[in-house]
Amino acid sequence: MDNLTLVKHAAGAPGLRFFGMGANFWPQKGNSQLQRLFNRNSLWAKGRNSKDIKTMLSNSAVVITIWRFKQLIGFGRATSDQIYRAILWDIVVDRNFQNLGLGKTITTSLLKDPMVAKAERIYLMTTNHENFYTKIGFRKEINQNLMILNNKNNLFI
């Protein structure tokens with residue numbers, strides 16, 4: 001597809017976080033667009049507010065976005081200790097641009113980043129795209145159990 005720009009943001013995505021920068025370093029209200037992308041194209045990230053999205057970005061080692069002109073159409077991020085573990089998070093592509101290879105582009109860009117690529121194990125959670133990630137090389141882990149503590153009420157603060 002023409003006129004697509006992949007942006008690899010600096011760690012913590014300060015340009016996106018503070019100025020809403022998109023492709024070519026132009027302010028594009030990127031935080032609002034990211035919030036809209038989540039709300040329209042995910043079940044797990046609906047309702048995230050702008051303040052929390054900025055905090056999420058600031059704590060992300062790697063942030064990748066894809067823009068079509070001035071429109072944010074893809075996003076993914078990763079956290080990593082750079083040696084033992086890395087986790088891919090929040091990979092989402094606007095439903096109008098799915099099945100064009102953009103999800104794969106975001107995922108492989110995250111995996112190739114030095115902050116992630118050096119990690120011994122790279123994790124990711126998916127609700128309903130297991131087949132997509134299997135094609136990239138991920139496999140379902142049977143020797144570990146995913147455990148969740150719902151800490152919405154900040155029980156330990």
Side-chain angles (χ1 to χ4, degrees), residues 4-68 70-95 97-98 101-130 132-133 136-138 141 144 146-152 154 156-157:
L4 295 181
T5 305
L6 184 138
V7 178
K8 181 184 178 282
H9 298 269
L16 180 61
R17 193 164 29 104
F18 292 123
F19 306 110
M21 285 187 179
N24 303 316
F25 301 103
W26 285 98
Q28 302 296 339
K29 298 182 181 178
N31 292 316
S32 298
Q33 289 202 51
L34 181 54
Q35 191 175 20
R36 200 167 30 256
L37 183 72
F38 284 153
N39 285 336
R40 292 180 180 171
N41 300 281
S42 73
L43 297 172
W44 36 265
K46 279 187 178 181
R48 290 181 177 177
N49 67 53
S50 181
K51 180 181 176 235
D52 290 347
I53 288 173
K54 288 179 181 180
T55 300
M56 171 197 79
L57 291 170
S58 73
N59 291 299
S60 298
V62 186
V63 176
I64 302 290
T65 55
I66 296 181
W67 299 79
R68 182 166 187 260
K70 296 179 179 182
Q71 179 186 5
L72 177 63
I73 62 169
F75 175 85
R77 67 185 185 97
T79 56
S80 176
D81 64 19
Q82 299 181 49
I83 189 162
Y84 296 115
R85 302 292 182 263
I87 305 172
L88 306 188
W89 302 100
D90 300 325
I91 298 168
V92 61
V93 173
D94 184 297
R95 64 178 40 103
F97 298 93
Q98 292 179 359
L102 301 180
K104 183 176 182 180
T105 298
I106 292 167
T107 305
T108 56
S109 295
L110 291 168
L111 292 171
K112 288 179 181 180
D113 187 278
M115 298 284 283
V116 175
K118 296 176 187 175
E120 180 181 278
R121 293 189 103 186
I122 301 168
Y123 294 94
L124 116 92
M125 291 174 272
T126 184
T127 305
N128 52 14
H129 295 291
E130 186 176 321
F132 171 79
Y133 291 109
I136 294 172
F138 283 88
E141 178 59 55
Q144 293 181 321
L146 172 65
M147 300 180 73
I148 297 174
L149 172 67
N150 187 349
N151 197 27
K152 272 196 162 187
N154 299 313
F156 299 100
I157 293 179

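Given the structure is predicted, the values throughout are model-derived calculations rather than measurements.
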Which atoms form the tightest heavy-atom contact between [X] and [Y], and what is the distance?
X: P14; Y: A11; result: CD-O, 3.5 Å
X: W67; Y: L72; result: CE3-N, 3.4 Å
X: N59; Y: T79; result: O-CG2, 3.6 Å
X: I106; Y: F75; result: CD1-N, 3.4 Å
X: A78; Y: L88; result: CB-CD2, 3.8 Å
X: L102; Y: I66; result: O-CD1, 3.9 Å

For atom CZ of F138, is the number of surrounding heavy atoms from other residues, nucleotides or ligands below 6.0 Å larger than 12? yes
Are any non-hydrogen side-chain atoms of [X] and [Y] less than 4.5 angstrom apart?
X: L124; Y: T107; value: no
X: D94; Y: R68; value: no
X: L146; Y: Y123; value: no
X: Q144; Y: R121; value: yes
X: I91; Y: L110; value: yes

Under 3.5 Å, is there a donor-acceptor pair between the side chain of [X] and the main chain of [Y]?
X: S60; Y: V63; value: no
X: Q82; Y: K118; value: no
X: S58; Y: T55; value: yes
X: N39; Y: G47; value: yes

How long is the straight-line distance from [atom2] of [Y] back to [atom1] of [X], given to the nearest 0.5 Å?
X: K70; Y: Q28; atom1: NZ; atom2: CD; value: 5.5 Å
X: T65; Y: M21; atom1: OG1; atom2: CE; value: 12.0 Å
X: I64; Y: T105; atom1: CD1; atom2: OG1; value: 10.5 Å
X: L16; Y: H9; atom1: CG; atom2: NE2; value: 5.0 Å
X: R95; Y: L37; atom1: CZ; atom2: CG; value: 9.5 Å
X: E120; Y: R85; atom1: CD; atom2: CZ; value: 5.0 Å

Side chain to side chain donor-acceptor pair (under 3.5 Å) partners for S109, two or more places apart: none
Not counting sequence neighbours, which residues clear side chain to side chain donor-acceptor pair (under 3.5 Å) with D90? List them please. R48, R77
Passes side chain to side chain contact (heavy atoms under 4.5 Å, CB included), Q98 versus F132? Steps please. CA-CA 12 Å; Q98 292 179 359; F132 171 79; over 6 Å; no
Those residues that, when tested against A61, pass side-chain contact (heavy atoms from CB on, under 4.5 Å) (two or more places apart): M115
Using the side chain to side chain contact (heavy atoms under 4.5 Å, CB included) rule, take W89 and M125 through it: C-alpha gap first, then chi angles, then the decisive distance, then the call. CA-CA 8 Å; W89 302 100; M125 291 174 272; 3.4 Å; yes
